[in-house]
Amino acid sequence: MNVRKLALIAVLTMAQAASAVPAFAESAAQLPAGTATKSAAVNAVSTASPAATATATAITGTVSPAPIVSPAASSTPSSTVETSPTIEQPSATPGPSASAVPSATPQPNFAPAAQAPTGIAGAGQLVLMMNSNKMYMNGTLYLAGQPMAVKNGVSNVAIRAMVERVGLKLTYNGATKETIIMKDGNELRFKTNSKIYTVNGKATTMKGPAYQYKNTFMVPLTSITQALGIPYTVDNVQKRVILTLQTKPKASFTVQPSEIFAGETTVNYVTSSSASNGATIVDERWEGRQDVFAQPGFYTVSYSVMDSNSQWSDPYSVTISVLKPNQPPVAQFTTNKDEYKMGEPITITNISSDPDGDQLTESWSNRAQAFFNPGPVSIQLTVTDTHGLSSTFEKVINITNEVLYSQEDFNKLFVPLGDIYTINGSEIPSWNKVSYTSSSEPITLIRSNSPETVYSEGIVYQETAMGSTRIMVHHKNSMSTNMKMYVIATNDNIYPATITTQQSGFGGPLDIPTATGKKSIETYLQSISLGSAYDNVTLQPGESKPVLTTINNVTMKPGQIISLMSDVFSDYPVKYSIVMIDATKDPLLTLPTLNYLERDGVHNRGTYPNANRIITVTDPVGTTPSRLVLGDNNTDKNLSGTDALSGTEASNSGNFGVVYKITLTRVAPNTLITLNPRGGKYQGPLLVNGNIIEAPNSGAVDAPHQNSVLYRTGNLEQTVEIVFTPASGSNLPINLLFMPLPPQKAQ
């Protein structure tokens, strides 16, 4: 061949080699200037990239052409094109370009990454080159599926590349067509062609929309940096954006228990550390740690961790307060005498103490207000501190043969208000009934108590009322799942309706019916005294809202009971629906689907007018034993009304929900007033001259031989006012007893 043919063959050979390299492939490292080529088969052919004319970055707005790079072609093309469909489904992870010299640890399915030119990036930095798909992480070059591009003045990056480099987790929700990225508990959701993305569920506006370009999902760079708190700087000289990533691991720990005593407590250190960007914790270091601290004082303990990238965290420090060893309490009490007559009041003063200042729990044995048998009596007191240490003190007193008071007289004179003492209940029906005048106040009672035990979701009662209305609810969840009860008010008028809550009481959820009823009446009476339940709710025409929301702020577990008693006022008729539904359901959406529940045939529901009963006693009481009977349907008749769901007549047995306002205008000096149940156990408070008196203070008063002390008058005649309403779960009727006190004797 002549020289001309040889030259032509050489040119064709080099052209074929060059055509084997895709136009998008770039070398991972630049060849030093002046490096000699030995053979076209071994050395890469130099190709020139087209000049980029996009603006440098949307962050600064600087317009600058990208530098022309002429990297050597790799003999194996790098995989830089993402292969997902053109929908928002995240694409396959792109790999870095191949280097002329492969790195020691190539990633699967990727060409090895080359080291960045000197000074291109520092540790913990991600450098994005403007108008280029090159990015450097800790000095190592990676290639994105598409260059960082400026679109309408906004810098956009390939989300897949950011996922790989920043340590994000990427998923795709086909139902909502959202690309989702997560990092350290934060969640970002993007949609194609939308400027709105959500950050932890909150809608946020980006500077530009996310979009799809050549199978690559692109998002504004600042949407990621702002949401994840990634600081960055812009280098216009070298045409790059530098993101500073959190590369240090984080160390944390807690100390248990909360109180640590010198020489006694073994300290438990519970660590909770984390590493960034896929690294793991491989080592830890403690300073000042002790399992048992020998001396009291303050100790600082520091903890650091190292990750698999050999980076140590900043120390995390906790100052531990080590207390002096706990000392047992000292039990001690005194009596005002060492010797007493039978029936003589005993004054006991507890003077126990704790050297550490702990609150003490006391437990008494054989303590009484008086003793009624002669001889020595041993009284013991045990006190226990908050750490379980206890001590006991015992004192012996002597009871003489002399009688000061009989047990009956002593009880009348000295049993504390709210406490119980025993009487001969069979005598009570023979006592005279107190004469009184009775009238009513116009308030409508809506009583929902049947079915008391609810076995399925539904509307337990529903009624429309206007003006003064009392709503009383008492139900038990007998389903296998957690439930909630609601009082839903609906305005079916053409005008807005306002509901004003005047007083309200709530009890539960508990598994003891009498306890929930007692608590609801106690808080109801408190709201009368304090006015704490006042509230306004306005319903627009056709609108429904849950009202008296204390009832639906709690969840009823299976077997639990709730009680509600509330007085409201509405300026227009309002429909009240009382429902029990699954705790997870929306009440307003569920209400139209609910059925009405049938009565249980035992308990009561209905709508009753005139539910305030005014009782006035003008005759003197207390000079002889007498009684005032309430809730017996004989002397004190049941309210009559209607079951709104069935349209049948209803009788309010026990008059639950009725508020009795009793005025005794002439109560004799030295008169005792007590509550004596006649229908069974009773547990509920009363308002006596403005003070709430529990009947009883603990437990329940049992019919017919127990009564609970409500009031004692002094040495002058006086007026006594009592507000009473039966507590749900208790039994009616009850008697209010009036009896003269025995004369007091000198001790």
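Quick note: numbers below take in every heavy atom, side chains included, and nothing from hydrogens, waters or symmetry partners.
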I692 CD1 to Q526 CD distance, which is reported to the nearest 0.5 Å:
4.5 Å

Can you check whether T674's main-chain N or O pairs, donor with acceptor, with N707's side chain at less than 3.5 Å?
no

Taking atom types as modelled, find out whether K395 and T335 have a side-chain donor-acceptor pair closer than 3.5 angstrom.
yes

Under a 4.5 Å cut-off applied to non-hydrogen side-chain atoms, are N482 and Q560 in contact?
no

Pairing donors with acceptors under 3.5 angstrom, does anything connect the side chains of Q503 and D567?
yes

Out of curiosity, Y608 OH to I446 CD1, how far, rounded to the nearest 0.5 Å?
12.0 Å

Please answer whether the main-chain N or O of T514 pairs with a side-chain N or O of S730 as donor and acceptor at a distance below 3.5 Å.
no

Got a donor-acceptor contact below 3.5 angstrom from the N731 side chain to the K681 backbone?
yes

Donor-acceptor pair, N676 side chain versus P704 backbone, under 3.5 Å?
yes

Output yes when a side-chain donor or acceptor of D643 lies under 3.5 Å from a complementary backbone atom of T648, and no otherwise.
no

Show me the side-chain donor-acceptor pairs of residues 544-557 shorter than 3.5 Å, one per line, residues at least two apart or across chains.
{"from": "S544", "atom 1": "OG", "to": "T490", "atom 2": "OG1", "distance (Å)": "2.7"}
{"from": "K545", "atom 1": "NZ", "to": "T538", "atom 2": "O", "distance (Å)": "3.2"}
{"from": "N553", "atom 1": "ND2", "to": "T549", "atom 2": "O", "distance (Å)": "3.2"}

Identify the residue among V454, I562, N477 that makes a side chain to side chain contact (heavy atoms under 4.5 Å, CB included) with M483.
N477

Within the distance-only criterion (no hydrogens, no angle test), does the side chain of D636 pair as donor or acceptor with the backbone N or O of G631 below 3.5 angstrom?
yes

For E339 and N398, which I'm curious about, is there any donor-acceptor pair between the side chains at under 3.5 Å?
yes

I need the L732 CG to N655 CG distance, nearest 0.5 Å.
7.5 Å

How many angstroms lie between atom NZ of K412 and atom CG of N670, to the nearest 0.5 angstrom?
12.5 Å

Do any pairs count as a ring pair (Phe, Tyr, Trp, His ring centres under 6.0 Å) and have a residue in residues 482-518, sequence neighbours left out, and if so which ones?
Y495-Y572

Distance check, rounded to the nearest 0.5 Å: L417 atom CG versus I693 atom CD1?
5.0 Å

Could I get the full list of ring-ring contact (aromatic ring centres under 6.0 Å, His included) partners for Y455, not counting sequence neighbours?
none

Non-hydrogen side-chain atoms of L639 and R613 separated by less than 4.5 Å:
yes

Hey, are the side chains of N612 and R470 touching, using non-hydrogen atoms and a 4.5 Å cut-off?
yes

Short side-chain to backbone donor-acceptor contact, S626 and G622, under 3.5 Å:
no

Show me the donor-acceptor pairs within less than 3.5 Å that the side chains of residues 457-465 make with the rest of the protein, sequence neighbours left out.
{"from": "E457", "atom 1": "OE1", "to": "K585", "atom 2": "NZ", "distance (Å)": "3.0"}
{"from": "E457", "atom 1": "OE2", "to": "D582", "atom 2": "N", "distance (Å)": "2.6"}
{"from": "E457", "atom 1": "OE2", "to": "K585", "atom 2": "NZ", "distance (Å)": "3.4"}
{"from": "Y461", "atom 1": "OH", "to": "T607", "atom 2": "N", "distance (Å)": "3.2"}
{"from": "Y461", "atom 1": "OH", "to": "T607", "atom 2": "OG1", "distance (Å)": "2.7"}
{"from": "Y461", "atom 1": "OH", "to": "T642", "atom 2": "O", "distance (Å)": "3.4"}
{"from": "Y461", "atom 1": "OH", "to": "A644", "atom 2": "N", "distance (Å)": "3.0"}
{"from": "Q462", "atom 1": "OE1", "to": "Y596", "atom 2": "OH", "distance (Å)": "2.7"}
{"from": "Q462", "atom 1": "NE2", "to": "S577", "atom 2": "OG", "distance (Å)": "2.7"}
{"from": "E463", "atom 1": "OE2", "to": "T607", "atom 2": "OG1", "distance (Å)": "2.6"}

side-chain hydrogen bond (donor to acceptor under 3.5 Å, both in side chains) with S563: of K518, K519, H474, only one passes, and it is H474

Between N610 and S440, do the side chains contain an N or O donor and an N or O acceptor separated by less than 3.5 Å?
no

Centroid-to-centroid, F393 to F333, below 6.0 Å?
yes

Got more than 12 heavy atoms from elsewhere within 6.0 Å of CD, E394?
yes

Consider only side-chain N and O atoms of N604 and S653, and report whether a donor and an acceptor are under 3.5 Å apart.
no

Is it true that D632 and R678 make a salt bridge, defined as a side-chain N closer than 4.0 Å to a carboxylate O?
no

Check whether N493 reaches the backbone of P573 with its side chain - one donor and one acceptor, N or O, closer than 3.5 Å.
yes

Name every donor-acceptor pair, under 3.5 Å, that has one atom in a side chain of residues 716-724 and the other anywhere in the protein, sequence neighbours excluded.
{"from": "E717", "atom 1": "OE2", "to": "R666", "atom 2": "NE", "distance (Å)": "3.3"}
{"from": "Q718", "atom 1": "NE2", "to": "Y711", "atom 2": "OH", "distance (Å)": "2.8"}
{"from": "T719", "atom 1": "OG1", "to": "T665", "atom 2": "O", "distance (Å)": "3.0"}

If you look at every heavy atom in S570 and M466, which pair is closest and at what distance?
OG-CA, 3.5 Å

Should the heavy atoms of other residues, nucleotides or ligands under 6.0 Å from CG of N715 be counted, would the total exceed 12?
no

N/O donor-acceptor pair under 3.5 Å between T713 side chain and T671 backbone
yes

Residues 401-409 side chain polar contacts: donor-acceptor under 3.5 Å, at least two apart:
{"from": "E402", "atom 1": "OE2", "to": "K341", "atom 2": "NZ", "distance (Å)": "3.3"}
{"from": "Y405", "atom 1": "OH", "to": "K745", "atom 2": "N", "distance (Å)": "2.5"}
{"from": "S406", "atom 1": "OG", "to": "D409", "atom 2": "N", "distance (Å)": "3.2"}

